[in-house]
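Remember, it's a predicted structure, so these values are computed and weren't measured experimentally. For the single chain, residues carry numbers from 1 onward in sequence order.
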Amino acid sequence: MKKGLIALSPLGVFIAFYLVTSIVAGDFYKIPITVAFMVSSIYAIAIFRNKPLNQRVNTFSHGAATEQMMLMIWIFVLAGAFAHSAKAMGCIDATVNLTLALLPPQMILAGMFLAACFVSISIGTSVGTIAALVPIAAGVASETNTDIALMTAIIVGGSFFGDNLSFISDTTIMATQTQGCRLSDKFRVNIYFVFPAALIVLLCYVFMGTDMGAPKHVAQVEWVKVIPYLVVLFTAIFGMNVMAVLTLGILLTGIIGLLTGSIDAYGWFGSMGEGILSMGELIIVTMMAGGILELIRQQGGIDFIIRLLTHGVSNKRGAEMSIAVLVSLVNICTANNTVAILTVGDISKQIGDRYGVDNRKCASILDTFSCTVQGLLPYGAQLLIAAGLASLSPVSIIPYLYYPFVLGIVAFLSILFRYPRRYS
C-alpha cells in the first residue's frame with residue numbers, strides 16, 4: 001500500500017502545487033502550469049531512489065519522448081502553424097463571418113456543438129476536431145461577446161462525442177479488440193450512454209442561446225479564404241491522416257494568401273513561426289507529463305491501482321464499477337485514453353468474464369469513462385491544444401465542459417441501474 005501511494009505521489013504534488021496555490025491566489029494564471037510540472041518532475045525523479053540518478057533521468061526522458069508523445073508534439077507544431085497562418089491571411093475571419101451568416105444568434109452555441117459532434121464522429125479524433133474548430137469558435141466568441149472559455153469548451157466536449165462513438169476512433173478500436181466484440185455491437189450499446197448525454201447538453205445550449213444577441217456586424221464572406229478550412233474538414237472526414245491534413249491546410253493558406261494579396265511570403269513564414277512558438281508551453285508540459293507518468297508506471301503505480309480496485313468484487317454491478325474506476329484512474333495516470341484502455345483491457349476482460357459482464361457493455365464502459373476523464377484533464381492533449389489555440393488556461397475551460405460531465409453521470413447511472421437491461 002505504502003509503495004503504491006508513493007509511486008502515485010507525483011500526481012498529488014502536481015495537483016496540490018498547481019490547484020491549491022492557484023485557488024489561494026484566486027487566479028489560475030498566477031502559477032504557470034509549466035512550473036507546476038517542473039516541480040512535480042523534480043519530485044518524481046528525486047523520490048524514486050531504487051536506481052542511480054542518471055537512470056531515473058533516462059527513464060523520465062524515455063517517457064517524455066515516446067512515439068506517441070512525439071506524434072502529439074508534431075500535431076501541436078502543425079496545428080499552431082496552421083492556426084496562425086490561417087489567421088494572418090484572413091481564413092479564420094472569413095470562416096467566422098460565414099458561421100455568423102448561416103446561424104441565427106439563438107443557435108450559435110448549439111450549432112457549434114453539433115458541428116464538433118459531426119466532425120469528430122467523421123474523423124474519429126478529438127485532437128483533429130479541436131485543432132480545426134477552436135480557432136473558429138474563438139473568433140465567433142469574440143464577435144458575439146460570448147465567453148471564449150465557454151465556446152472553446154463546447155468544441156472540446158463535442159470532440160469527445162466522436163472520439164467515444166466513431167468507428168474509426170482509436171479508443172473504439174482498442175476497446176473492442178481488448179474485449180473481443182465487433183465495432184457495430186459496441187456502437188449499439190454505446191449509443192445508450194452517448195445519445196442521452198448529447199441530447200441533454202444540446203438542449204442546454206439551445207436554452208443558453210436564447211438570450212444571445214446578434215453580432216455587432218457581419219462582414220461580407222470572402223469565400224475563397226474559407227477554402228483552407230473546408231479542405232481541412234473534408235479531407236479529415238474522408239480519413240486523411242491529421243498531420244497530412246494540417247500540412248495541406250498550411251500550404252493552402254500560403255497559396256491563397258499570396259494569390260489574394262492578403263499576405264506575402266515573409267508574412268506567411270513569420271506567422272507559421274509565431275504559431276509554432278505559441279505551442280512551446282504545450283510541448284514542454286506534454287513532455288514533462290510523459291516523463292512523470294513513465295516514472296509512475298515503472299514504480300508500479302498503475303499496477304497498484306489495478307490490484308486495489310479488483311480486490312473484493314463480488315457481482316456484475318461491482319465488476320462494471322471496478323472496470324469504470326480502473327480505466328478512469330489509469331487514464332489520470334497516463335493522460336491518454338487509448339493507452340489507458342490498452343493498459344487495463346486484458347484485466348477488464350478477465351473481470352468481465354469472471355462475473356458475466358457482457359463484453360459489448362464492457363467495451364462501452366472502457367471507452368466512455370476513458371473519454372470522460374480525458375476530456376476533463378487539464379494536462380491532457382485535448383485541453384492543452386484547445387487552451388493554446390484559444391490563448392486560455394486549460395483550467396479555465398474545465399467548468400464549462402458540460403458534455404464530459406453529463407456523459408460520465410449517464411454512464412455511472414447506467415451501471416447503477418443496470419441500463420440498458422438487454423446488455424446488463
Q: Kindly write out the residues that satisfy salt bridge (charged side-chain N to carboxylate O under 4.0 Å, His left out) with D264, not counting sequence neighbours, or none if the list is empty.
A: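 Once residues adjacent in sequence are excluded, D264 has no partner under the salt bridge (charged side-chain N to carboxylate O under 4.0 Å, His left out) criterion.
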Q: Donor-acceptor pair, distance only, cut-off 3.5 Å: does the side chain of S166 make one with the backbone of D163?
A: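 No; zero donor-acceptor contacts below 3.5 Å.
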Q: Taking it one step at a time, do S262 and K225 satisfy side-chain hydrogen bond (donor to acceptor under 3.5 Å, both in side chains)?
A: CA-CA 10 Å; S262 304; K225 293 184 178 180; 2.9 Å; yes
Q: Where do M89 and T253 come nearest, in terms of heavy atoms and distance?
A: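 Of all heavy-atom pairs spanning M89 and T253, the closest is CG-O, 3.6 Å.
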Q: Just checking F14 against Y379, ring centres under 6.0 Å apart?
A: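 Ring centres of Y379 and F14 closer than 6.0 Å.
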Q: For A153 and L401, work out which heavy atoms get closest and say how close.
A: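 Between these two residues, the closest heavy atoms are O-CD2, 3.7 Å.
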Q: Between K51 and Q298, is any pair of side-chain heavy atoms under 4.5 Å apart?
A: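 K51 reaches Q298 side chain to side chain.
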Q: How about L246 and V77: do any of their side-chain heavy atoms sit closer than 4.5 Å?
A: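 Result no, sub-4.5 Å side-chain heavy-atom pair not found.
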Q: In Å, rounded to the nearest 0.5 Å, how long is the span from CG of L377 to OG1 of T372?
A: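 Between L377 CG and T372 OG1, I get 11.0 Å after rounding to 0.5 Å.
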Q: Could you tell me the separation between the SG atom of C181 and the CZ atom of R188, rounded to the nearest 0.5 Å?
A: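 CZ of R188 is found 11.0 Å from SG of C181.
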Q: Which pair of non-hydrogen atoms, one from G157 and one from Y403, has the smallest distance, and what is that distance?
A: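 In terms of heavy atoms, the two residues are closest at O-CD2, 3.1 Å.
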Q: Which value, rounded to the nearest 0.5 Å, describes the distance between M279 atom CE and L78 atom CG?
A: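 The CE atom of M279 sits 10.0 Å away from the CG atom of L78.
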Q: Would you name the heavy atoms of A110 and V206 that are closest together and state the gap between them?
A: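 Shortest heavy-atom separation between A110 and V206 comes out as CB-CG2, 3.7 Å.
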Q: Carefully, step by step, assess R360 and N190 under the rule side-chain contact (heavy atoms from CB on, under 4.5 Å).
A: CA-CA 9 Å; R360 295 166 293 184; N190 222 159; over 6 Å; no
Q: Would the distance check show the side chain of S120 and the main-chain N or O of G158 forming a donor-acceptor pair, the cut-off being under 3.5 Å?
A: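 Yes; judged by distance alone, with no hydrogens or angles, the pair exists.
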Q: Working to the nearest 0.5 Å, report the span between CH2 of W268 and CD1 of I250.
A: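 One gets 8.0 Å once the value is rounded to the nearest 0.5 Å.
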Q: To the nearest 0.5 Å, what is the distance between CG (D367) and CG (L165)?
A: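 It is 8.5 Å, given to the nearest 0.5 Å.
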Q: Between Q299 and N50, is any pair of side-chain heavy atoms under 4.5 Å apart?
A: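 With C-beta onward as the side chain, the pair touches.
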Q: I'd like to know if the side chain of K186 reaches the main chain of S364, judged simply by a donor and an acceptor atom lying under 3.5 Å from each other, with no hydrogens or angles considered.
A: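 Checked: no pair found.
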Q: Tell me if a side-chain donor or acceptor on T178 pairs with a main-chain N or O of A175 at a distance below 3.5 Å.
A: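 Confirmed, T178 side chain pairs with A175 backbone.
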Q: Any side-chain heavy atom of T171 sitting closer than 4.5 Å to one from N164?
A: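 A side-chain contact is absent here, since even the closest heavy-atom pair is not under 4.5 Å.
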Q: Test side-chain contact (heavy atoms from CB on, under 4.5 Å) on V327 and N337; report intermediate values, then the result.
A: CA-CA 8 Å; V327 74; N337 45 352; over 6 Å; no
Q: Do the side chains of K361 and F193 get nearer than 4.5 Å, heavy atoms only?
A: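 When only atoms from C-beta onward are counted, K361 and F193 do touch, with a gap below 4.5 Å.
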Q: Identify which one of Y205, F161, Y402 satisfies the ring-ring contact (aromatic ring centres under 6.0 Å, His included) criterion when paired with F113.
A: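 With F113 as partner, Y205, F161, Y402 yield a single ring-ring contact (aromatic ring centres under 6.0 Å, His included), made by Y205.
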Q: Check the pair I45 / L53 against side-chain contact (heavy atoms from CB on, under 4.5 Å), numbers first and verdict last.
A: CA-CA 8 Å; I45 293 172; L53 177 60; 3.7 Å; yes
Q: Work out which heavy atom in P228 is nearest to a heavy atom in V224; give both atom names and the distance.
A: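 It is CD-O, 4.0 Å.
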Q: Take L329 and I332 through the test side-chain contact (heavy atoms from CB on, under 4.5 Å) and record every step on the way to the result.
A: CA-CA 5 Å; L329 289 178; I332 291 171; 4.2 Å; yes
Q: Assess whether atom OH of Y43 is packed by more than 12 heavy atoms of other residues, nucleotides or ligands within 6.0 Å.
A: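 Yes.
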Q: So, do I415 and I323 sit near enough that their side-chain heavy atoms are less than 4.5 Å apart?
A: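 Sidechains of I323 and I415: no contact.
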Q: Between the side chain of N58 and the main-chain N/O of N54, is any donor-acceptor distance below 3.5 Å?
A: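 It does hold such a pair.
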Q: Ignoring hydrogens, what is the shortest heavy-atom contact between S271 and H84? Give both atom names and the distance.
A: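 What the structure gives for the nearest pair is O-CB, 3.2 Å.
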Q: Are I47 and S9 packed together at the side-chain level, in the sense that at least one heavy-atom pair is separated by less than 4.5 angstrom?
A: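 Side chain of I47 against side chain of S9, heavy atoms only: contact under 4.5 Å found.
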Q: Taking the side chain as everything from C-beta on, heavy atoms only, tell me whether L295 gets closer than 4.5 Å to I292.
A: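 No - every pair of side-chain heavy atoms lies 4.5 Å or more apart.
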Q: Report the distance from atom CD1 of I365 to atom CD1 of I341, rounding to the nearest 0.5 Å.
A: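 One gets 12.0 Å once the value is rounded to the nearest 0.5 Å.
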